[in-house]
Peer 1: 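One structure follows; several queries about it will come next.
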4 protein chains.
Amino acid sequence: MSEAADAARKSIGARRNPESAEAILGAAEAVLSEAGYSGFSIEAVARRARAGKPTIYRWWPSKAALLLDVYQRQKRVDTPDTENLEEDLVGFLKNLFSHWRETSSGSVFKSLIAEAQSDETAAAALADYARGRRAQTGQMVERAKARGEVAADVDAELVADLVASFAWTHLLTNRLDEDEATIRTAVRYVVRGIALA
Amino acid sequence: MSEAADAARKSIGARRNPESAEAILGAAEAVLSEAGYSGFSIEAVARRARAGKPTIYRWWPSKAALLLDVYQRQKRVDTPDTENLEEDLVGFLKNLFSHWRETSSGSVFKSLIAEAQSDETAAAALADYARGRRAQTGQMVERAKARGEVAADVDAELVADLVASFAWTHLLTNRLDEDEATIRTAVRYVVRGIALA
Amino acid sequence: MSEAADAARKSIGARRNPESAEAILGAAEAVLSEAGYSGFSIEAVARRARAGKPTIYRWWPSKAALLLDVYQRQKRVDTPDTENLEEDLVGFLKNLFSHWRETSSGSVFKSLIAEAQSDETAAAALADYARGRRAQTGQMVERAKARGEVAADVDAELVADLVASFAWTHLLTNRLDEDEATIRTAVRYVVRGIALA
Amino acid sequence: MSEAADAARKSIGARRNPESAEAILGAAEAVLSEAGYSGFSIEAVARRARAGKPTIYRWWPSKAALLLDVYQRQKRVDTPDTENLEEDLVGFLKNLFSHWRETSSGSVFKSLIAEAQSDETAAAALADYARGRRAQTGQMVERAKARGEVAADVDAELVADLVASFAWTHLLTNRLDEDEATIRTAVRYVVRGIALA
DNA sequence: AGTTAACCGAGACGGTACGTCAAGTCTTCGC
DNA sequence: GCGAAGACTTGACGTACCGTCTCGGTTAACT
């Protein structure tokens, strides 16, 4: 897609060159999807983007920061609203799995998790991100509470945590091809467990 | 514990020297728990074990293989049997969390997961291992089925998957200090969801 | 002499650091004269010069290239001009022998010859160098021709070859302590052989 | 030629197994002529000879000793006797050059010289060998003295040194293809220089 | 005749060096 | 005055040999 420009980019004076930033993020994504996490290095990204390493380091202090930006630049999976919690959660997981499978997002996110195991700041950023996602996912449960599908004292974020954990683990162990029936069964176990009366 | 012997180890003939193997695994564990995954290099392990790098590469073709051996050398968490599924699962998770927290196992396993994201063989080994653990954990559910606590058509491994995913994710995001109440609540959501009638 | 600077050298921007080059050549010379050819390794030079191996490899593709540079950095022996061929050649050999004996040049040149036996590029470089030296040495003979000391059809380079061969062989077999009388006798055999009438 | 036997050699009791010695020397020669000095390692020889490394080290304390044995096992170039010094020396050099060119002797001898630059014992052995060869070559000059071709006070070994140096240098700089005319010219310069009256 | 001793192949051992790759820092030059 | 770019030091990578060691087995020579 947004490959490196043919001609060498020059400085545009004393301010950030948005072409460079774009080229770097694009190159990072491309490198990641072509060579995987093991081939993902600042050097490789710089080569691919026809940029100097310091240019990358100036704007992204670590590999983790770059990964995070790449991940966040990609379209988000949104949470469905079908007026039924089971359908919402199954839909969400199906969308998430296929999004991870079919775009480079899966690779990017896996890499981010891996990176977080050796980089403190990546760990913090990932924790923040995950917290936010749990809150967002939890809203599906909150809506179900409001509809009376689910007991009022249910910890929505904890439910979101269960669901997200299931997704993460499948991503990390290359099981994104799980069929819908299995996903639905897993979701149902949880939804029944929190259902009202 | 089993640090490198004071005197230099020599060859014991044309066969593997178990002292060296032991020293290397011990050194790997020590390096990992002291310097973390980011400081874990074959060089560092060799230095620590007073072993030559080729000796390590002879027996462990990759960092992943070494990590796997280190993890498997450590004592396992076993699955309780309290005649009650909720207690079994809560006990299992509590044991697992404290084992991961209090020994170096947590670091080792996190590192293994991270490594699996860049190493194909590590990924396969990890997948195998996880499959085995799901089966083992699933037996708690099977026993509950036999006792009539749980519906007969429940997919025991899927339940184990949910539980293990919860554990993995907490490990990977440094949330092993989750209190018992939260763990119990999460377990209860699932156990209720599969309870008979 | 020009040892590595006390403080660590830093980059001086996107161009070759002459201090590093100097430190590396100096270190190479020092290592060679202290540990000999057998102790001469890129690693040792890098350690001594407080330089990174990649810095050495960036500028000298092989051990041979480094050796050649070290040799050429050293002061040259020049060819005397005494209006008498025998004196010229004896003087040249005496100077050369004492130069090889008293500086590290001898070691360096021996190493270069040794290296050329296992390195193609070193062999080529050495051949080039030797050809150049023969031409230069041959000028002493050409001058003698012009003076009428020597027959006009004498192959000056071949004479230079004989003289240089004598020197090389003495260097390679540690016979640089040959006394002047012997050198003079050897030279005289050749000079008489090409004398006019 | 005498390649390794098909079946594994066994010990023949508490004494040196000549089959092994033969196989090792043969393998050394083969490795040298196929891979050159740079590929010549004790490991490679052991592999090729299907021998254990200690068997080699037991009988040859260094690479140099092995090289020397290999060289001495090969047929020698002998000194012609044509009743004419120029013809003798030209014949000798022609034979030597073609022997070095057409058998592996050239490689072997070059390697030996190279090895002598980093190995003290090889240097000593080579010096001894060279001294012996000078004496032998000098006999051609002695015979010429006896015939009255050459002045009585000529230093025969020094003449031999000049001739041998010429040969060594051509070997070391890959100039063994020198044509006969050039060889003859060089020889003539020296022979004339020592001729009687 | 039984024991001993040295040889044999094999291959693991702790090391050193190889040549390469990437990390993160630094400085100069161009816009 | 900032951005771009490449050189810098550092350190790890995985491999090849080094020379030493111990093994299990074999055979000849010495009790």
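Computed from heavy atoms alone, side chains included, the values below leave out hydrogens, waters and symmetry copies. Values in this document were obtained by computation on a predicted structure and should not be read as measured data. Naming convention: chains lettered A, B, ... in sequence-line order (proteins, then strands); numbering from 1 in each chain.
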Peer 1: Round to the nearest Å and state the distance from C:E19 atom CD to E:dT28 atom P.
Peer 2: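 Rounding to the nearest Å, CD of C:E19 and P of E:dT28 are 12 Å apart.
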
Peer 1: Which parts of residues 36-44 of chain C get close to DNA chain E, meaning a heavy atom less than 4.0 angstrom away?
Peer 2: C:S41, C:I42, C:E43

Peer 1: Holding to ring-ring contact (aromatic ring centres under 6.0 Å, His included), I want the full list of residues that pass it with D:Y37, two or more places apart in sequence or in another chain.
Peer 2: none

Peer 1: Hey, could you give me each pair passing salt bridge (charged side-chain N to carboxylate O under 4.0 Å, His left out) that has a residue in residues 23-32 of chain C? Not counting sequence neighbours.
Peer 2: C:E29-C:R73

Peer 1: Rounded to the Å, how far apart are B:W60 CH2 and E:dA12 P?
Peer 2: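 Interatomic distance, CH2 of B:W60 to P of E:dA12: 13 Å.
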
Peer 1: Taking 4.0 Å as the cut-off, does a side-chain nitrogen or oxygen of B:R47 come that near to OP1 or OP2 on F:dA12?
Peer 2: yes

Peer 1: How would you list, by chain and number, every residue that makes a salt bridge (Lys or Arg N to Asp or Glu O under 4.0 Å) with C:E34, sequence neighbours excluded?
Peer 2: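 In terms of salt bridge (Lys or Arg N to Asp or Glu O under 4.0 Å), with neighbours along the sequence ignored, C:E34 is linked to C:R48.
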
Peer 1: With respect to the side chain of C:S20, which nucleotide from E:dC13, E:dA22, F:dC8 is positioned closest?
Peer 2: F:dC8

Peer 1: What are the residues of residues 108-117 of chain D, sorted by number, that bring a heavy atom to within less than 4.0 Å of DNA chain F?
Peer 2: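 DNA chain F contact set from residues 108-117 of chain D: none.
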
Peer 1: Apply side chain to side chain donor-acceptor pair (under 3.5 Å) to A:S105 and list each qualifying residue two or more places apart in sequence or on a separate chain.
Peer 2: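 Partners of A:S105 by the side chain to side chain donor-acceptor pair (under 3.5 Å) criterion, ordered by chain and then number, come out as A:Q74, A:H99, A:T103.
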
Peer 1: Can you sort out the partners of B:K10 under salt bridge (Lys or Arg N to Asp or Glu O under 4.0 Å), two or more places apart, ordered by chain and number?
Peer 2: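 Applying salt bridge (Lys or Arg N to Asp or Glu O under 4.0 Å) to B:K10 gives none.
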
Peer 1: A side-chain contact here means heavy atoms from C-beta on lying under 4.5 Å apart; do C:L172 and D:Q117 qualify?
Peer 2: yes

Peer 1: Name the residue closer to the 5' end of DNA chain E, choosing between D:T55 and C:P61 according to the nucleotide with the nearest heavy atom.
Peer 2: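 Nearer the 5' end of the strand: D:T55.
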
Peer 1: In whole Å, I'd like the distance from the CD1 atom of A:I56 to the C1' atom of F:dG6.
Peer 2: 14 Å

Peer 1: Give the minimum heavy-atom separation between B:P18 and B:I12, together with the two atoms involved.
Peer 2: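 Taking every non-hydrogen atom into account, CD-CD1, 3.8 Å.
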
Peer 1: May I ask you to evaluate whether B:R58 reaches the phosphate of E:dC13, defined as a side-chain N or O under 4.0 Å from OP1 or OP2?
Peer 2: yes

Peer 1: What residues, two or more places apart in sequence or in another chain, satisfy salt bridge (Lys or Arg N to Asp or Glu O under 4.0 Å) together with D:E115?
Peer 2: none

Peer 1: Round to the nearest Å and state the distance from C:R50 atom CZ to F:dA7 atom C1'.
Peer 2: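 After rounding, the gap between these two atoms is 19 Å.
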
Peer 1: Could you state the atom-to-atom distance from NZ of A:K63 to C1' of E:dC21 in whole Å?
Peer 2: 12 Å

Peer 1: Are any protein N/O atoms closer than 3.5 Å to N/O atoms in nucleotides 20-24 of chain F? If there are, list each pair with its distance.
Peer 2:
| unit_1 | atom_1 | unit_2 | atom_2 | d |
| --- | --- | --- | --- | --- |
| F:dT22 | O4' | B:G13 | N | 3.4 |

Peer 1: Salt bridge (Lys or Arg N to Asp or Glu O under 4.0 Å) with D:D128: which residues, sequence neighbours excluded?
Peer 2: D:R131

Peer 1: What is the distance, to the nearest angstrom, from the CG atom on C:L66 to the P atom on E:dC18?
Peer 2: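 One finds 11 Å between P of E:dC18 and CG of C:L66, rounded.
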
Peer 1: In terms of relative ring orientation, are B:Y71 and B:Y129 parallel, tilted or perpendicular, with 30° and 60° separating the classes?
Peer 2: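 Geometry flag for B:Y129 against B:Y71: perpendicular rings.
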
Peer 1: Does the side chain of C:L68 come within less than 4.5 Å of C:L126's, by heavy atoms?
Peer 2: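 No; the side chains remain at least 4.5 Å from each other.
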
Peer 1: Dot-bracket for DNA chain F, 5' to 3', with Watson-Crick and G-U pairs under 3.5 Å, [ ] for crossing pairs and | for other-strand pairs: what is it?
Peer 2: |||||||||||||||||||||||||||||||

Peer 1: Rounding to a whole Å, what distance do you find between D:W59:CH2 and F:dG19:C1'?
Peer 2: 18 Å

Peer 1: Rounded to the nearest 0.5 Å, what separates atom CD1 in D:I113 from atom CG in D:L67?
Peer 2: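 Going from the CD1 atom of D:I113 to the CG atom of D:L67 covers 11.0 Å.
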
Peer 1: Check whether any side-chain heavy atom of C:W59 lies under 4.5 Å from a side-chain heavy atom of C:L66, and answer yes or no.
Peer 2: no

Peer 1: What residues form a side-chain contact (heavy atoms from CB on, under 4.5 Å) with C:N174, not counting sequence neighbours?
Peer 2: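 C:N174: side-chain contact (heavy atoms from CB on, under 4.5 Å) contacts with C:K110, D:A123.
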
Peer 1: What is the distance, to the nearest angstrom, from the CZ atom on C:R16 to the P atom on F:dT9?
Peer 2: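 From C:R16 CZ to F:dT9 P: 11 Å.
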
